[in-house]
Structure formats: C-alpha cells, structure tokens
Amino acid sequence: MNTAPYREWFTVDRGHSTLFINGQTDQWSYLCHPASPYALTDATFQALTKRACTTATSCTAIRQRFGDSNQAIYAHNGADGATTDSFPSGVPHNLPRSYRFPQGIANVAKGLGIVPQDLKGSGTTRSRISREALPPVLFLFDDESVRDVLRHYGNYLISKFDSRELLAGVFTAVAGVHDLNDKAAHSIPRAIGHYAPAYDPVSANKESTPLTFGQYLSKSSRDALETCNAQGIVNALASALLRFAELAGATPTWFGGRKPAHRIVLDALEGSSAEETYRSLLDKTITLRGQFDAVEWQSALLQVTEIGLHLAQATKFPQVAIDFLTGPDALQSPPAEASSSQTILNFYSHPPEMPKVRIRLGSIHSVKGETHTATLVLDSFYYEHHLSKLKPWILGERAGGMKKKAKGKPELESSRLLGRLKLHYVAMTRPSHLLCLTMRRDAFNAAELKQLQTQGW
C-alpha cells in the first residue's frame, strides 16, 4: 500500500469522543472509557495495541492498519519484522494511488517496490507550489567532478523554478549513507561528505544526540529555517546549557520531569544575574536562528560560561565541559578544498554570493514520510554503490524483489539487495515535482544512456 506510515485505529461501539494515545502503557485504561470510545495509536507500538485489543473485554475494538511494506526501512538486514503481530495481516486492500507525485515519478519508482504494484501517480500536490511536474533527471560525474554535483543541481533548479517557487518549495539531496568513515578515500562516492565536505551527519540525524554545543543549535536551526518556528531553537539552547552544566559537575536533577528545558533553566536561574544573561543570549540566538559566526560566538561564549557556572555551582570547568563548547561557527566553515557554494547547517545554498535556492542535505532515513518539491538521490556506497547495483531497475529491466530464474520456485533477492530497493523506493517517492538521480559516469555505456533518454530521462 502506498500510504504514509500506517496507523492502527481502535473503534469502540459507544460514545462519541476521541483520545490520542502516545504509547504509554498507563494510558490504555482509557481505551474503553465511556468518554473516550475511539483511540488512534501509532502502530509502532504493536505489542501495546494488541494488548489493548485483548484487554478491552467490555467493548468492541476494531483495528485497521495502514502502511507500505515496500518502505519498511527501519530494520537491520535479515530482520523479518514482528512475529507475534505481523503486518500486513488478514486480507489486505491495496491502495496504489498517490496524490503526492505524477505518473512520471510513479513509473520510475514503482519497479523498486519489493512487492510490485501498479503505482498510480495522481499528483502533483499543490500544497507549496502550483505547476506541472518535470521529467526525471540523471546527473553523471566522476572522481574529479563529484563535488560539482550539488552546484549543477542548484543551477538546474534555478533554471526550472521561478523565484517564488524556489522560496516556497522544499529542495533536498539525500543518500543511503551519510556518514564518512575511515574508508572514505575509497569507493567514491561513499557518502554525502564526498559531495559536500562540510556536511555534518550528527546534526542531520533526527535521532542522534548532539556532541557539542554547536550541534544542538545546528539541529534546531535547520528546522527553524523551514518552519519559521523559534520553539526548537529556544529549547535547543536550553538543552545545550543543561548538558554543559552536567558536564561541568552539576547533578542533573531535572531529568525525568515534564518541564521543557527552557522552563528548567529559567527556574534554576530565577532571581540571579545569570537569568538576565540567559534572556539576552536567548534573544540573540533567536535573532540569528542559531547561526553564530566566529565573532558572534566568542561574544556568546562569555554568556554561556556565566550561565554554566551558575547552573553547575562551579568555579571552573573540567576539560570535557570545555571541549563541549564547540560553537556553530566551527560547523559552518567548509574546508578550503570544498566547492564554491557554502554548506551551512547542512543546507547547500546556491549561488554562494546571493543564494536563490537552499538544498537540505540528509540521509534517506531522515526524510521518510516527507514531501519535497524536488529530490536529488545521491549514490553512496555500502559494500557496493547503491544506485549502480540497482541499475537494472532504473533501466526498467527488472521490477520487484524476486530473483530472475529460468525455472524453479520463485526466490527473494538477498536481504542486502532488498534493503537497497526499499531504501531507494522511499527516496524516489519523496518528490512532488522533480526526481533527480546522480550516478558515476562509468556506470553506464552509451546504449544504456540512450535507453534512459527514450524512457523520458
């Protein structure tokens, strides 16, 4: 089924109101309460939802689940999923229609579904911009030109979208592997860092714990740039200050409560001179959206130090706390050998002098469930180059997750290849208007490139 990550609906046959359950076990007692006969739950909590069905003895519970097994990417290779409450179960009803993207994108992506379906593209969505979709684009590169890919992508976006669309749209570049490791010098491109050397994988990972003060601000600044909401920046600054105080020796008594970090800091500083310092730092951080340059960060560092001393009730800081005070400016300066356009807060701005488009960089996992105006799927390396390995599917010569066999019982491909298919099926179904791929030039011969052109690339 081509839908958003599925939900489980429990419908109880009396009453008229709705309760949203967040997965906490102590809230299941409300399931059959007369005032809350309908409960909508996140299907991640399969064991809990099954418990709700079996314990709801005084009422009737009907469970309806939605999902797309072709997009089940949050599992390790070889994992079979839930064994006690598997999905899908019962008689499935396929929903192959998507209102996100048009048929052109559907035709490119549908072959990557492990369970093939006749994907219907009824988009594009008009939530951000109103215009017709564009044909898919393939960018080719070699070792010497890999760092020019994002520049060419930026130029292409500027040539196809007007200024209003560039401002309103969401433009991304994603890869299956986004963290360079000690083998980074080999198998170019291995990860996003080969395309954008200043890319910071920790700041891009929604689930990762920031390691420095600057990473706290960078993660929140990235979201603020798209949502224009300062709440994330406020709590990121407060969380960074609390972490700094903890490293400086404070006893973290604030853990386990429900107060936001900002309120905890205000309560701890109430009535002190450090309270005014915090409010001043907060105003500055919101104004700059967390994007301090080197000079601004040195000024802010004095305020951070004052607040940290008060929170930790300390007179000096251990080295681990000092090391934590890496500012956002250290994350903003690309290496000298980087491409001319800057990568700041994992946004690639182009052109660098007067940016017309901002391209968000991230892993494929980080964008699951999102809708983009345009998505560039970057090739990356895990044992082999992902997209090169999927070339038969991209060319339209293969479809689905079954091995090609002349005879005998049908057999699934290896778990690693199935993982590649799922991952890039997710990536290629994100855009509403433009899908782009980038692959090594030596992955194709002339006949294959001609074949792609006849298919609309």
Polar side-chain atom of R190 near backbone of F381 as donor-acceptor pair, under 3.5 Å: no
Check: Y348 ring centroid to Y153 ring centroid under 6.0 Å: no
Atom pair CG (L418) and CG (L112), whose distance is rounded to the nearest 0.5 Å: 11.5 Å
I105 side, atom CD1; T375 side, atom OG1 - distance, nearest 0.5 Å: 8.0 Å
Intermediate values then yes/no, side chain to side chain contact (heavy atoms under 4.5 Å, CB included), H152 and T438: CA-CA 11 Å; H152 289 299; T438 180; over 6 Å; no
Main-chain N/O of A109 paired with W393 side-chain donor or acceptor, under 3.5 Å: no
Rounded distance [0.5 Å steps], NZ in K368 versus CZ in R430: 7.5 Å
Within 45° cone and under 6.0 Å: R243 NZ/CZ vs Y216 ring: no
Sub-4.5 Å side-chain heavy-atom contact between R131 and D162: no
Non-hydrogen atoms of W457 and L138 that approach each other most closely: CE3-N, 3.8 Å
Exam field: side chain R128 to backbone G169, donor-acceptor pair closer than 3.5 Å: no
Side-chain heavy-atom pair T371, V170 within 4.5 angstrom cut-off: no
S380: partners by side chain to side chain contact (heavy atoms under 4.5 Å, CB included), with sequence neighbours left out: A175, V177, H386
For T429 against Y425, the heavy-atom pair lying closest together: OG1-O, 2.8 Å
Sole candidate of H424, M439, Q455 that passes side chain to side chain contact (heavy atoms under 4.5 Å, CB included) when paired with I394: M439
Minimum-distance pair of heavy atoms, taken over all atoms of I359 and L150: CD1-O, 4.3 Å
Reported CG-to-NZ distance for the pair D379 and K389, which is rounded to 0.5 angstrom: 13.0 Å
Pairs involving residues 442-453, ordered by first then second residue, that meet salt bridge (Lys or Arg N to Asp or Glu O under 4.0 Å) (sequence neighbours left out): K391-E448, R440-D442
Counterpart residues, side chain to side chain contact (heavy atoms under 4.5 Å, CB included), relative to V234 (two or more places apart): H262, L282, I286
Any donor-acceptor pair under 3.5 Å from Q451 side chain to A446 backbone: no
For N155, all residues meeting side chain to side chain contact (heavy atoms under 4.5 Å, CB included), sequence neighbours excluded: R151, H350
Verdict with supporting geometry, I129 and F161, side chain to side chain contact (heavy atoms under 4.5 Å, CB included): CA-CA 10 Å; I129 67 173; F161 295 91; 3.8 Å; yes
N-O pairing of E413 and R420 below 4.0 Å: no
Exercise: identify the closest heavy-atom pair between L376 and V149: CD2-CG1, 4.1 Å
Partner set under side chain to side chain contact (heavy atoms under 4.5 Å, CB included) for P135, not counting sequence neighbours: none
From L217 atom CG to I233 atom CD1, the distance as rounded to the nearest 0.5 Å: 8.0 Å
Heavy-atom side-chain contact between P431 and L434 under 4.5 Å: no
Beyond-backbone contact of T373 with E165, side-chain heavy atoms, under 4.5 angstrom: no
Backbone N/O of Y156 and side chain of S159: donor-acceptor pair under 3.5 Å: yes
Test item: I188 and Y195 side chains (from C-beta on) under 4.5 Å apart, heavy atoms: no
Closest non-hydrogen atom pair, I364 against L423: CG2-O, 3.3 Å
Donor-acceptor contact below 3.5 Å, side chain S145 vs main chain F141: no
By salt bridge (Lys or Arg N to Asp or Glu O under 4.0 Å) - contacts of R441 (at least two apart): none
Residue E132 excluded, over 12 heavy atoms near CD under 6.0 Å: no
S432 side chain vs F101 backbone, donor-acceptor pair below 3.5 Å: no
Spatial distance of atom CG (D323) from atom CD (Q319) [nearest 0.5 Å]: 4.5 Å
Shortest non-hydrogen contact between K110 and N107, atoms and distance: NZ-OD1, 3.7 Å
